[in-house]
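Encoded as structure tokens, here's the structure I'll be asking about.
Side-chain atoms are counted along with the backbone in the values below, which use heavy atoms only and exclude waters and symmetry mates.
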Amino acid sequence: MQASDLVRLELPATGHYLNILAVCIGEMLSRVDGMSDPQQTIYNIQLAVHEGCTNIVDHAYTDNGGRIAVNLMLDWTPPQIIVELHDNGRSFDPTAIPEPNFDEPQVRGYGLFLMRQIMDEVAYDPQPGHNCWRMVKYL
């Protein structure tokens, strides 16, 4: 992977800055040739990453705010985007989160489900004092 294919951002852990990340993802992916349905693919990836960041904002940093360090990487063999979200907030066990019940209306609880449905790979690595989400989408 070339350095030109890696973008690093550090954002305040608040919803007010997530649009900056979405624009960055869109601009990076606009440089990928031959992507199937680029507009929908870009939107879906932005949505999955937004859900991951929203979970960090709402659950990892419930009281004190914090920062989200983001690595966006384009890899070309095979074409893919790799997104890493790093935080120093509270960790959790994603296997303990139930699937949404589509028979019952609910306002919250779709984020992790959406991330897993949209992205080809979703991994969460909680470490003492540091958590990392890693999401991969083949393009």
Side-chain angles (χ1 to χ4, degrees):
M1 184 174 314
Q2 298 177 0
S4 63
D5 298 325
L6 170 65
V7 172
R8 290 188 172 139
L9 300 169
E10 187 174 316
L11 304 170
T14 175
H16 297 299
Y17 289 92
L18 297 183
N19 63 328
I20 293 169
L21 179 54
V23 169
C24 190
I25 290 168
E27 287 299 315
M28 284 185 77
L29 291 174
S30 72
R31 289 154 174 76
V32 176
D33 293 327
M35 194 176 359
S36 173
D37 196 0
Q39 186 175 0
Q40 187 65 48
T41 300
I42 291 169
Y43 172 79
N44 286 344
I45 294 168
Q46 290 168 327
L47 176 61
V49 173
H50 186 274
E51 290 295 337
C53 289
T54 299
N55 283 340
I56 292 170
V57 170
D58 290 348
H59 302 294
Y61 293 124
T62 56
D63 299 326
N64 59 357
R67 312 275 305 165
I68 303 171
V70 181
N71 292 331
L72 301 171
M73 297 160 277
L74 285 176
D75 198 355
W76 302 104
T77 313
Q80 61 188 288
I81 185 167
I82 302 163
V83 180
E84 294 177 347
L85 306 174
H86 299 269
D87 71 81
N88 298 316
R90 187 174 17 252
S91 63
F92 79 108
D93 178 4
T95 62
I97 305 300
E99 293 278 320
N101 180 354
F102 294 105
D103 294 330
E104 296 290 326
Q106 61 188 75
V107 176
R108 300 179 58 86
Y110 295 102
L112 188 55
F113 173 80
L114 284 172
M115 291 164 58
R116 289 176 174 153
Q117 291 297 308
I118 292 170
M119 303 300 278
D120 294 306
E121 298 174 26
V122 176
Y124 177 67
D125 184 22
Q127 299 293 323
H130 179 253
N131 305 302
C132 177
W133 284 98
R134 185 175 191 274
M135 295 179 267
V136 178
K137 181 67 175 177
Y138 298 104
L139 305 170

Practice task
Give the cluster check for W76 versus M35: same hydrophobic cluster or not, with ILVMFWY residues linked at side-chain heavy-atom distances below 4.5 Å.
Solution key: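 Yes; M35 is reachable from W76 via cluster members.
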Tell me which donor-acceptor pairs under 3.5 Å the side chains of residues 130-139 have, and how far apart each pair is, sequence neighbours excluded?
{"from": "H130", "atom 1": "NE2", "to": "H86", "atom 2": "ND1", "distance (Å)": "2.9"}
{"from": "N131", "atom 1": "OD1", "to": "Y124", "atom 2": "OH", "distance (Å)": "3.4"}
{"from": "N131", "atom 1": "ND2", "to": "D87", "atom 2": "OD1", "distance (Å)": "2.9"}
{"from": "N131", "atom 1": "ND2", "to": "G89", "atom 2": "O", "distance (Å)": "2.9"}
{"from": "K137", "atom 1": "NZ", "to": "I118", "atom 2": "O", "distance (Å)": "2.9"}
{"from": "Y138", "atom 1": "OH", "to": "E121", "atom 2": "OE2", "distance (Å)": "2.5"}

Problem - Residue pairs passing the side chain to side chain donor-acceptor pair (under 3.5 Å) test where at least one lies in residues 13-41, sequence neighbours excluded - result: Q40-N44
Problem - Interatomic distance, R116 atom CZ to L112 atom CG [nearest 0.5 angstrom] - result: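 R116 CZ to L112 CG: 3.5 Å, rounded to 0.5 Å.
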Handout entry: Co-membership, hydrophobic cluster, residues L29 and Y43, 4.5 Å side-chain
Key = yes
Practice task
State the CD-CG distance between E51 and D58, to the nearest 0.5 angstrom.
Solution key: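 Reported value, rounded in 0.5 Å steps: 9.5 Å.
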Practice task
Could you tell me which residues satisfy side-chain contact (heavy atoms from CB on, under 4.5 Å) with A13, sequence neighbours excluded, listed by chain and number?
Solution key: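 For A13, the residues satisfying side-chain contact (heavy atoms from CB on, under 4.5 Å) (neighbours in sequence not counted) are V57, Y61, I68.
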Exercise for the section: Check whether any side-chain heavy atom of N55 lies under 4.5 Å from a side-chain heavy atom of F92, and answer yes or no. Expected result: no
Exercise for the section: Could you check if a side-chain atom of N71 sits within less than 4.5 angstrom of a side-chain atom of L6, using non-hydrogen atoms only? Expected result: yes
Practice task
Walk me through it: do I45 and M119 pass the test side-chain contact (heavy atoms from CB on, under 4.5 Å)?
Solution key: CA-CA 7 Å; I45 294 168; M119 303 300 278; 4.3 Å; yes
Exercise for the section: To the nearest 0.5 Å, tell me how far I81 CD1 sits from D120 CG. Expected result: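 With rounding to 0.5 Å, CD1 (I81) is 12.0 Å from CG (D120).
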Exercise for the section: Return the minimal non-hydrogen interatomic distance between P12 and R67, and the atom names on each side. Expected result: CG-NH1, 3.6 Å
Exercise for the section: With sequence neighbours left out, write down each residue that passes side-chain contact (heavy atoms from CB on, under 4.5 Å) with L21, or none if nothing qualifies. Expected result: L9, L11, I25, V49, C53, V70, L72
Handout entry: Partner set under side chain to side chain donor-acceptor pair (under 3.5 Å) for R90, not counting sequence neighbours
Key = T62
Exercise for the section: Applying salt bridge (Lys or Arg N to Asp or Glu O under 4.0 Å), name anything that partners R8, two or more places apart in sequence or on another chain. Expected result: none
